[in-house]
Amino acid sequence: MAPNSFSVLQILTFLICLTHANSIDFNYPAVFNFGDSNSDTGGLVAGLAERLDPPNGQIYFQKPSGRFCDGRLIIDFLLDAMDMPFLNAYLEAIGAPSFKKGCNFAAAGSTILPATASSVSPFSFGIQVAQFLRFKARVLELKAKSKKFDKYLPSEDYFAKGLYMFDIGQNDLAGAFYSKTLDQILASIPTILTEFENGIKKLYDQGGRNFWIHNTGPLGCLAQNIAKFGTDPSKLDELGCVSSHNQASRLLNLQLHALCKKLQGQYSDANVTHVDIFTIKSNLIANYSRYGFEQPLMACCGYGGPPLNYDSRVACGLTKVLNGSSVTANGCNDSTEYINWDGIHYTEAANQYVSSQILTGKYSDPPFADKMPFLLKLKF
């Protein structure tokens, strides 16, 4: 199979899912996104001058695109379904980026809680919200001065009518396991979500009314976590995932869902949609062969070979000297056979499957399957 092709089974699966996506009024003029590497379209790479080497980006963009993936992310497919361009990163200054249809504040490695000296990304959720506040103020200031900026900047009413998307919290849990017990991590979840609620409130106070919130995926099924915390088979569940990590994900998600319900009641003039990414991804991993995949847990781009092909010392695309020998974390022959790209992130093929499931509306609260005037346009 060619490296950028999808199997017939995968194509049929996507199309079957989409025939049930009757229809959400996704007719938003702009999208403002907040998150981590699951939705980062170039923020960390631009902000910290991080390097992303091939084979990242190999499928769709044919080169590294600032995304920790072989191609497109879930947010790319969702924007495509809305017939909107991919979002430019707030921190990307080169190439006259257009922010007419929105802006992406997500940065890989970001947490909900404030960053510390050891954080991968300094752009925690509070910072991303602050960046949005500055973005909005600057947009209104520039548009008041001259119409020449209209081509590149959103209209003032887009801030009220636009969709505010969130996919963040995974790194708060994942990072904590290196220094805290499971009980300590579970006890910290209310603090994490209070910080998240504070950010939502600031956006609401600024006029945001449409909030689309992803919960976190099954952390314990990422090769990075299995390699570090799953060496004892008794720590793994029936899928081969680390039980403690998935327990933390489930509790965060339970409390996040409760928070979304609270916000739905509190902000009666707002739309707050909770999307159950955990169930979609868990179902994909449990039933991978049904959806045309061959590897549920092993990384496509990595070093070390089966069963995980992951070594924390050698990131995807890099060459390092280990024990006196030069080794490279290469990509696999066909990434469409893999759910996991680099031990931490999903492949484009997996992201496309997840997106098609999101768009059925079945995994959202409130569900939206009865009101959705678009189909995901598959571009193989």
Side-chain angles (χ1 to χ4, degrees), residues 27-50 65-67 73 75-76 78-79 82-115 119-168 195-213 267 269-272:
N27 195 19
Y28 300 105
V31 172
F32 305 101
N33 183 69
F34 306 81
D36 52 30
S37 56
N38 290 310
S39 60
D40 178 4
T41 55
L44 191 75
V45 168
L48 296 186
E50 279 280 325
S65 67
R67 293 160 174 80
L73 307 177
I75 189 170
D76 295 319
L78 295 182
L79 281 160
M82 290 185 246
D83 206 21
M84 292 181 59
F86 296 157
L87 287 185
N88 286 311
Y90 171 72
L91 294 165
E92 183 56 82
I94 308 302
S98 172
F99 298 108
K100 179 75 177 172
K101 297 284 190 177
C103 184
N104 193 358
F105 300 90
S110 295
T111 51
I112 291 174
L113 292 177
S119 296
V120 172
S121 163
F123 308 112
S124 57
F125 183 54
I127 298 294
Q128 293 180 27
V129 171
Q131 289 174 335
F132 168 81
L133 298 180
R134 181 185 183 276
F135 174 83
K136 181 183 175 188
R138 190 85 176 109
V139 165
L140 298 182
E141 179 188 327
L142 288 170
K143 288 177 77 73
K145 280 184 185 172
S146 170
K147 288 198 183 316
K148 71 180 179 182
F149 298 110
D150 288 358
K151 182 178 170 187
Y152 302 100
L153 302 177
S155 303
E156 183 171 359
D157 62 338
Y158 286 13
F159 291 106
K161 295 176 181 174
L163 182 65
Y164 292 74
M165 300 181 78
F166 308 86
D167 191 327
I168 194 166
E195 182 76 13
F196 183 69
E197 183 179 5
N198 290 340
I200 297 284
K201 183 179 187 304
K202 285 181 182 173
L203 296 171
Y204 177 85
D205 289 345
Q206 282 288 317
R209 289 297 181 269
N210 302 300
F211 301 100
W212 176 271
I213 301 168
Y267 300 142
D269 61 337
N271 299 305
V272 180

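Below, each value reflects all heavy atoms present in this structure, side chains not excepted, and no hydrogens, waters or symmetry copies. Each residue takes its place number in the sequence, starting with 1.
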(Q) For the CG atom of Asn27 and the CG atom of Asp83, what is their distance to the nearest 0.5 Å? (A) 10.0 Å

Q. Among Phe132, Phe166, Phe99, which one satisfies side-chain contact (heavy atoms from CB on, under 4.5 Å) with Phe32?
A. Phe132

**Q.** Minimum heavy-atom distance Pro114-Ser124, with the two atoms named
**A.** CA-OG, 3.7 Å

Q: Kindly say whether Lys101 contributes a backbone atom to a donor-acceptor pair with the side chain of Tyr28 at under 3.5 angstrom?
A: no

Q: Calculate, to the nearest 0.5 Å, the distance between atoms OG and CG belonging to Ser121 and Asp40 respectively.
A: 8.5 Å

**Q.** Minimal non-hydrogen separation, Thr41 against Arg67, with atom names
**A.** CG2-NH2, 3.4 Å

Q | side-chain contact (heavy atoms from CB on, under 4.5 Å) against Ser39, all qualifying residues, sequence neighbours excluded | A | Asn33, Ile75, Ala106, Asp167

Q | Nearest-0.5 Å distance that lies between atom CD1 in Ile168 and atom CD1 in Ile213 | A | 12.0 Å

Q | Approximate separation, where rounding is to 0.5 Å, of Gln128 CD and Asp36 CG | A | 8.5 Å

Q) What residues, two or more places apart in sequence or in another chain, satisfy side-chain contact (heavy atoms from CB on, under 4.5 Å) together with Ala270? A) Tyr204, Arg209, Phe211, Tyr267

Q. Is the closest side-chain heavy-atom distance between Leu203 and Phe34 below 4.5 Å?
A. yes

Q) Can you name the residues that form a salt bridge (charged side-chain N to carboxylate O under 4.0 Å, His left out) with Arg138, not counting sequence neighbours? A) Glu141

Q. So, for Phe123 and Leu91, which heavy atoms are closest and what is the spacing to 0.1 Å?
A. CZ-CD1, 3.7 Å

Q | pair Tyr164-Phe159: side-chain heavy atoms closer than 4.5 Å | A | yes

Q: Give a yes or no on whether the backbone of Leu133 and the side-chain of Lys202 come within a donor-acceptor separation of less than 3.5 Å.
A: no

Q. Among all residues two or more places apart in sequence or in another chain, which pass the side-chain contact (heavy atoms from CB on, under 4.5 Å) test with Asp205?
A. Lys201

Q. So, for Gly43 and Ala89, which heavy atoms are closest and what is the spacing to 0.1 Å?
A. N-CB, 3.6 Å

Q | Heavy-atom donor-acceptor pair, Asn88 side chain to Ser98 backbone, under 3.5 Å | A | yes

Q. To the nearest 0.5 Å, what is the distance between CD1 (Ile112) and CD (Glu195)?
A. 8.5 Å

Q) Could you give the distance from CZ (Arg134) to CZ (Phe105), rounded to the nearest 0.5 Å? A) 10.5 Å

Q | Where Met84 and Pro29 come nearest, the two heavy atoms and their spacing | A | CE-O, 3.8 Å

Considering only distance and modelled atom types, tabulate donor-acceptor pairs under 3.5 Å from the side chains of residues 148-158, sequence neighbours left out.
| from | atom 1 | to | atom 2 | distance (Å) |
| --- | --- | --- | --- | --- |
| Asp150 | OD1 | Lys143 | NZ | 2.9 |
| Asp157 | OD2 | Lys161 | NZ | 3.0 |

Q) Among all residues two or more places apart in sequence or in another chain, which pass the side-chain contact (heavy atoms from CB on, under 4.5 Å) test with Glu197? A) Leu259, Lys262, Leu263, Gln266

